[in-house]
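Have a look at the structure below, then the notes.
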Amino acid sequence: MHELSIAAAVVERAGHTARAHGATSVEAVRLRVGELAGVVGDALRFSFELVAEGTVVAGAELIVEDVAARARCGDCGKEFAVGSPPHLWCPGCDRPAAQLLTGRELELAEVRLPDTEPCRAAAPRGAGLGQGPGEDI
């Protein structure tokens, strides 16, 4: 169950962000999770609550933003939904996709602290497969 290690990393980063801003609690944590990231949402939510207990993240809402898998055809340029399990053949020209655009994300997108603006992740990228402006898990 790798969701437990993901939850531990999220709680650690959110706690670090809270301390860096002088906060003693976290209201919410938003994660972007790609359709192909192999993460089970219920297991992640359970693990998050378990790991957060006794930390500044305890009681925080975990918001999981699902990111659909999309690809681009190298021949005709058409973008299309991949689905899960992934179907990586272009529906327009029946050729294999050249590029997976989205769907592998696993990133900490926001840590919401009391009476402050949301904190965007700004630390160096981690070992995750995320894409985009947030911080990989």
Side-chain angles (χ1 to χ4, degrees):
M1 180 161 117
H2 71 281
E3 286 81 1
L4 185 59
S5 62
I6 293 168
V10 169
V11 168
E12 181 181 343
R13 282 304 317 157
H16 176 77
T17 300
R19 288 186 297 278
H21 287 80
T24 58
S25 65
V26 174
E27 287 185 351
V29 175
R30 184 170 58 92
L31 298 178
R32 296 183 73 239
V33 180
E35 183 176 17
L36 304 177
V39 175
V40 177
D42 288 341
L44 180 60
R45 285 178 184 85
F46 174 80
S47 297
F48 179 81
E49 287 182 27
L50 184 70
V51 174
E53 192 173 314
T55 73
V56 297
V57 185
E61 177 184 11
L62 177 63
I63 302 164
V64 178
E65 178 185 325
D66 296 317
V67 180
R70 296 197 55 81
R72 177 180 296 124
C73 178
D75 289 334
C76 72
K78 180 179 180 71
E79 289 187 19
F80 58 95
V82 171
S84 183
H87 182 74
L88 298 171
W89 287 89
C90 177
C93 67
D94 199 31
R95 303 283 297 171
Q99 181 181 19
L100 187 60
L101 302 172
T102 61
R104 298 177 298 167
E105 294 81 359
L106 181 52
E107 65 184 30
L108 177 57
E110 176 184 342
V111 175
R112 193 174 311 143
L113 305 175
D115 301 317
T116 64
E117 292 295 316
C119 299
R120 307 287 181 225
R125 289 212 176 270
L129 296 174
Q131 299 171 349
E135 178 183 340
D136 293 343
I137 302 302

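Just the heavy atoms: all of them, side chains too, but no hydrogens, waters or symmetry mates, feed the values below. Residue numbers count from 1 along this sequence. Computed from a predicted structure; not experimentally measured.
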Closest approach of [X] and [Y], non-hydrogen atoms and distance?
| X | Y | value |
| --- | --- | --- |
| Ala71 | Ala97 | CB-CB, 3.8 Å |
| Leu36 | Gly83 | CD2-O, 3.7 Å |
| Ala109 | Arg32 | CB-CG, 3.8 Å |
| Ala60 | Val26 | CB-O, 3.3 Å |
| Val29 | Val57 | CG2-CG1, 4.4 Å |
| Phe48 | Ala7 | N-CB, 3.6 Å |

(request) Please indicate whether Glu53 has more than 12 foreign heavy atoms, meaning atoms of other residues, nucleotides or ligands, lying under 6.0 Å from its CD. (result)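 Incorrect, the count does not exceed 12.
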
Would [X] and [Y] show up in the same hydrophobic cluster when neighbours are defined by side-chain heavy atoms closer than 4.5 Å?
| X | Y | value |
| --- | --- | --- |
| Val11 | Leu50 | yes |
| Val51 | Val33 | yes |
| Leu100 | Val67 | no |

Inter-residue atom distance [X].[atom1] - [Y].[atom2], 0.5 Å rounding:
| X | Y | atom1 | atom2 | value |
| --- | --- | --- | --- | --- |
| Leu44 | His2 | CG | NE2 | 8.5 Å |
| Glu35 | Arg104 | CD | CZ | 13.5 Å |
| Leu88 | Phe80 | CG | CZ | 6.5 Å |
| Leu106 | Ile6 | CG | CD1 | 5.0 Å |

(message) Less than 4.5 Å apart, side chain to side chain, heavy atoms only: is that true for Leu31 and Val39?
(response)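 Not touching, per the 4.5 Å side-chain cut-off.
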
(request) Could you tell me whether the side chain of Arg19 and the main chain of Gly15 form a donor-acceptor pair under 3.5 Å? (result)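 Side chain of Arg19 to backbone of Gly15: a pair is present.
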
(message) Could you check whether any side-chain N or O of His21 sits under 3.5 Å from a backbone N or O of Thr17, counting only pairs where one atom can act as donor and the other as acceptor?
(response)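 Yes, because the side chain of His21 sits within donor-acceptor range (under 3.5 Å) of the backbone of Thr17.
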
(message) Please identify which of these residues, Glu61, Glu110, Glu107, meets the side-chain contact (heavy atoms from CB on, under 4.5 Å) condition with Arg30.
(response)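 The residue from Glu61, Glu110, Glu107 that satisfies side-chain contact (heavy atoms from CB on, under 4.5 Å) with Arg30 turns out to be Glu110.
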
(message) Going by salt bridge (charged side-chain N to carboxylate O under 4.0 Å, His left out), name the pairs with one or both residues in residues 68-78, residues two or more places apart or in two chains.
(response)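 As it turns out, the salt bridge (charged side-chain N to carboxylate O under 4.0 Å, His left out) pairs with a partner in residues 68-78, which skip direct neighbours, are Arg72-Glu79, Asp75-Arg95.
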
(request) Could you walk me through whether Glu27 and Arg112 pass the salt bridge (Lys or Arg N to Asp or Glu O under 4.0 Å) test, one step at a time? (result) CA-CA 5 Å; Glu27 287 185 351; Arg112 193 174 311 143; 5.3 Å; no

